[in-house]
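Within every chain, numbering begins at 1; the chains are lettered A, B, ... in the order of the sequence lines, protein sequences first and strands thereafter.
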Amino acid sequence: MRLSKYFMPTMKDNPSDAQIASHRLMIRAGMIRQSASGIYSWLPTGFKVLRKLENIVHEEQVRAGHIPMLMPTLQSADLWRESGRYDDYGKEMLRISDRHGRDMLYGPTNEELITDIFRDNVQSYKDLPMTLYHIQWKFRDEVRPRFGVMRGREFFMKDGYNFDVDKDSALHAYNRHMVSYLRTYERMGMKALPMRADSGPIGGEDTHEFLVLADTGESEVFYDKAILDLHLGDRAVDYDSWDQCAEIAREWTTPYARTDETHDPELFAQIPSERQGQSRGIEVGQIFYFGTKYSDAMNAKVVNDQGREVPVHMGSHGIGVSRMLGAIIEASHDENGIIWPEAVTPFGVGIVNLKQGDDDTDAACEALYKSATLLGLDPLYDDRKERAGAKFSTMELIGLPWRITVGPRGLKNGVVELTCRKTGESEELTAELALEKLAKIYQGL
RNA sequence: CGGGCUAUAGCGCAGUCUGGUAGCGCGUUCGUCUGGGGGACGAGAGGUCGCAGGUUCGAACCCUGCUAGCCCGACCA
């Protein structure tokens, strides 16, 4: 993409009503614009990152054997009356009525709808286990939206639902989700720690939240620092293996890690003091096992291998995709702007032309831009007639992990400059070598 | 939902107390110079002062009502 032809309205000044880094930076980098309290338009750059996160979530869900679908944002109140949550959910649920006066609502989650679909179409244990999910906009009418997309009213979320014939199978689904979530966050370049949590309005017997550590997090978290050293890496995971999923889940849930909601000071005190970690965290996902809560309420049954009808065991799982975007920025930025992990960056590399209008420099940039595009590096070429300082500042603000600087001085020696956003380190090398190096970095992400 | 605050150009703000021609910085447009960290100079464009009503010869400013947004707290993916 040529910056001169793109739509990325950046700002030098901080907007007055954005308080935290991710909110400020997303607005300044031209990623979002507020349309109403807690409701945002996603400008091209923000949308691009959102789609990348969404794709990673999809890929990891499918890898774990889960089946994508799409449910509507608007739901009928009837199903929610059946589960009893129409009254329980309170004012957080946006209630509306259609022209016939029928009670509708903008879905804050989808347990009722998916259970309805399931019970109408699945009757036998032979169709189980089954996990369905979708990634869709949700609306929760928060009393006090804030922090940009981190705590918006409208948000983009992956929510999935597993259906199993018995508890053991459902617990495997729980473990399988934990593993697939760990992998999802790792692929995004983030560390999100599973922590024992409260079940809240979803209800249930077991639940873990996933938290990204960041100073601006809304929860106080306590953990054994040993958990920070755990990595899934590229280990081969068989998502059908109950043992392997349980083993990985055990690995991550054995070190102490809890939010203030479930914190147990006595247990925490037993950890060697040098390993006691305490900080703030941003919740970016949660998994639940809630047994037959919804299947009982909504009469979702299957016939088991004994020929008897039994209520299905269920769980639900969510990843806040739009919130994740904010969380990544919170965890990865500096005073100059965002620092994107390679896996989710809006563009793979920024090309800065230091002397726009100079024949040689322009030609070198054009050639570089073309090669980078062919290599799939998705470059952003700053071809504006701006001075060097402005171009550097823009690149740093929007946070591309790599920058290639092309100027007459380097070209005289046949080199360009490759700069890492994270470390700030630069090296001079030929354009070919720079691209080769980047291609290697982006390979296999 | 309790407490506090704000609304003036795309963004950040002054002007309101004490009513009398709508301002500043950044951005933006054009020109000249400049050219490796948001450069300089010159010339422009851009505002129903959140909305409605009232007081007044006259309201961004005073009064009343409304709306929107933000902050702290309690609550939440």
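- Between D17(A) atom CG and C70(B) atom P there is a gap of 6 Å when expressed in whole angstrom units.
- A distance of about 44 Å separates the C1' atoms of C71(B) and U34(B), rounded to the whole Å.
- Each of C70(B), U34(B), U28(B) was ranked by its minimum atom distance to the side chain of Q19(A); first place goes to C70(B).
- At a cut-off of 3.5 angstrom, the base of C76(B) holds no donor-acceptor pair with the side chain of R144(A).
- Taking only distance into account, the side chain of R146(A) never meets the base of C72(B) through a donor-acceptor pair shorter than 3.5 Å.
- Between the C1' atom of C76(B) and the CZ atom of R153(A) lies a distance of 14 Å, rounded to the nearest Å.
- If you check every strand for non-hydrogen atoms under 4.0 Å, A388(A) touches sugar and phosphate atoms only.
- A cation-pi arrangement, defined by a distance under 6.0 Å to the six-membered ring centre and an angle within 45 degrees of its axis, is present between R81(A) and Y86(A).
- Evaluated for a salt bridge (Lys or Arg N to Asp or Glu O under 4.0 Å) with E59(A), the options R187(A), K158(A), R183(A) yield exactly one hit, R187(A).
- Sparse packing is recorded around CG of D215(A), with 12 or fewer heavy atoms of other residues, nucleotides or ligands lying under 6.0 Å away.
- Taking atom P in both G15(B) and G54(B), the straight-line distance is 29 Å, to the nearest Å.
- Using P as the reference atom, A60(B) and A22(B) are 8 Å apart when rounded to the nearest Å.
- Atom CE of M157(A) is separated from atom C1' of C76(B) by 12 Å (rounded to the nearest Å).
- Between M93(A) atom CE and C76(B) atom P the separation is 16 Å, expressed in whole Å.
- The distance from atom CZ of R28(A) to atom C1' of C26(B) is 12 Å, rounded to the nearest whole Å.
- Comparing C75(B), U34(B), C11(B) by their nearest atom to the side chain of V143(A) picks out C75(B).
- The phosphate of C11(B) has neither OP1 nor OP2 within less than 4.0 Å of any side-chain N or O from K12(A).
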inquiry  = Between R85(A) and Y294(A), does the side chain to side chain donor-acceptor pair (under 3.5 Å) criterion hold? Intermediate values first, please.
reply    = CA-CA 10 Å; R85(A) 284 209 293 180; Y294(A) 293 92; 3.1 Å; yes
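- Contact detail for P108(A) and R140(A): the closest heavy-atom pair is O-NH2, 2.8 Å.
- Nucleotides of RNA chain B nearest to V284(A) and L397(A) differ in position, and the one nearer the 5' end is that of L397(A).
- Between C70(B) and Q34(A), a contact under 4.0 Å exists linking OP1 or OP2 to a side-chain N or O.
- When rounded to the nearest whole Å, the span between CD of E142(A) and P of G69(B) equals 15 Å.
- A9(B) and G50(B) have their C1' atoms separated by 15 Å, with the value rounded to a whole Å.
- For the segment residues 330-366 of chain A, the set of residues with a heavy atom within less than 4.0 Å of an atom of RNA chain B comprises L354(A), in numerical order.
- The separation between R33(A) atom CZ and C11(B) atom C1' is 9 Å, rounded to whole Å.
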message = Walk me through whether S180(A) and E60(A) qualify under side chain to side chain donor-acceptor pair (under 3.5 Å).
response = CA-CA 6 Å; S180(A) 72; E60(A) 291 307 322; over 6 Å; no
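- Residue R387(A) places no side-chain atom within donor-acceptor reach of the base of G35(B), judged by atom type and a 3.5 Å distance cut-off alone.
- Closest to the side chain of R323(A), from the set C76(B), U28(B), C11(B), is C76(B).
- Between D159(A) atom CG and C76(B) atom P there is a gap of 19 Å when expressed in whole angstrom units.
- Comparing G58(B) with G12(B), their P atoms are spaced 35 Å from each other, to the whole Å.
- Each of R387(A), K391(A), E386(A) was evaluated against Q356(A); a single residue qualifies, K391(A), per the side chain to side chain contact (heavy atoms under 4.5 Å, CB included) test.
- Using cut-offs of 30° and 60° on the angle between ring planes, the pair Y181(A) and H317(A) is perpendicular.
- Proximity of S16(A) to the phosphate of G12(B): a side-chain N or O atom is located under 4.0 Å from OP1 or OP2.
- Put simply, S37(A) has a side-chain N or O that comes within less than 4.0 Å of OP1 or OP2 on C70(B).
- Taking the six-membered ring where the residue is Trp, the centroids of Y174(A) and Y289(A) are separated by 6.0 Å or more.
- One N or O donor and one acceptor, one from the side chain of E396(A) and one from the base of G37(B), sit under 3.5 Å apart.
- Taking the P atom of each, G42(B) and G36(B) are spaced 23 Å apart, rounded to whole Å.
- A residue-by-residue look at V406(A) and F156(A) shows that V406(A) has its nearest nucleotide of RNA chain B further toward the 5' end.
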